[in-house]
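Worksheet for the structure shown next.
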Amino acid sequence: MDEARHERIRAAIAAIPEGSVATYGQIATEVGEASARLVGRVLREDGADLPWHRVLRADGSSAPQLVDEQHQRLRAEGVEIRDGRVVLADHRVASGWISER
DNA sequence: GGAATGACCGTGA
DNA sequence: CTCACGGCCATTC
């Protein structure tokens, strides 16, 4: 049942605190039964109701078609962006943020 | 059945 | 720091 994985992936993304961000790979790792590619796919299909703007690539950049709105929304939450890349060092959530309180 | 595509990642030169 | 390669998983042709 891949629905279960979708569910866990969506839950992980929904659990990202405001003002924080996570990478596709980080989410995949946290969820376990997933991969970065799958996370991206899930967001494309069913990410409309999730804080998808808090999900970035490993280097802090984002996909070309998302850059505009992504940066806009993140800045609105107080996330610092430098030279087209989010400052992961300061805003990346700590591993285990899901089950962690 | 195989090849190409995509909201990707880690490693090594 | 940047660029190139192989690996990753699921969908689509």
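Since this is a predicted model, take the numbers as computed values, not measurements. Chain letters run A, B, ... following the sequence lines, proteins first and then strands; every chain starts at 1.
- Backbone-only contact: Leu38(A) has heavy atoms under 4.0 Å from sugar-phosphate atoms and none from a base.
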Set out, line by line, the N/O atom pairs under 3.5 Å between protein and nucleotides 8-12 of chain B.
unit_1	atom_1	unit_2	atom_2	d
dC8(B)	OP1	Arg57(A)	NE	2.7
dC8(B)	OP1	Arg57(A)	NH2	3.4
dC8(B)	N3	Arg37(A)	NH1	2.4
dC8(B)	N4	Arg37(A)	NH1	2.3
dC8(B)	N4	Arg37(A)	NH2	2.6
dC9(B)	OP1	Gly25(A)	N	3.4
dC9(B)	OP1	Ala58(A)	N	3.1
dC9(B)	OP2	Ala58(A)	N	3.1

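- Remark: the separation of the P atoms in dA7(B) and dG6(C) is 22 Å, to the nearest Å.
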Report, one line per pair, each donor and acceptor closer than 3.5 Å where one atom sits in a side chain of residues 17-24 of chain A; sequence neighbours left out.
unit_1	atom_1	unit_2	atom_2	d
Thr23(A)	OG1	Gln26(A)	N	3.0

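- Between Asp90(A) and Glu80(A) there is a side-chain heavy-atom pair separated by less than 4.5 Å.
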If you apply the rule side chain to side chain contact (heavy atoms under 4.5 Å, CB included), what do you find for His71(A) with Ser62(A), and how did you get there? CA-CA 9 Å; His71(A) 285 188; Ser62(A) 47; 4.1 Å; yes
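- The two atoms that bring Ala12(A) and Val31(A) nearest to each other are CB-CG2, 4.0 Å, heavy atoms only.
- Along DNA chain C, the stretch of nucleotides lying under 4.0 Å from any heavy atom of chain A spans, 5' to 3', dT2(C) to dT11(C).
- Ranked by how close their nearest DNA chain C nucleotide is to the 5' end, His6(A) and Arg85(A) are led by Arg85(A).
- For Arg73(A) (side chain) and His53(A) (main-chain N/O), no donor-acceptor pair under 3.5 Å exists by modelled atom type.
- A heavy-atom distance below 4.5 Å is found between the side chains of Leu74(A) and Leu56(A).
- No side-chain heavy atom of Ile13(A) sits under 4.5 Å from any side-chain heavy atom of Trp52(A).
- A distance of 9.5 Å separates CG in Asp46(A) from CD in Glu7(A), rounded to the nearest 0.5 Å.
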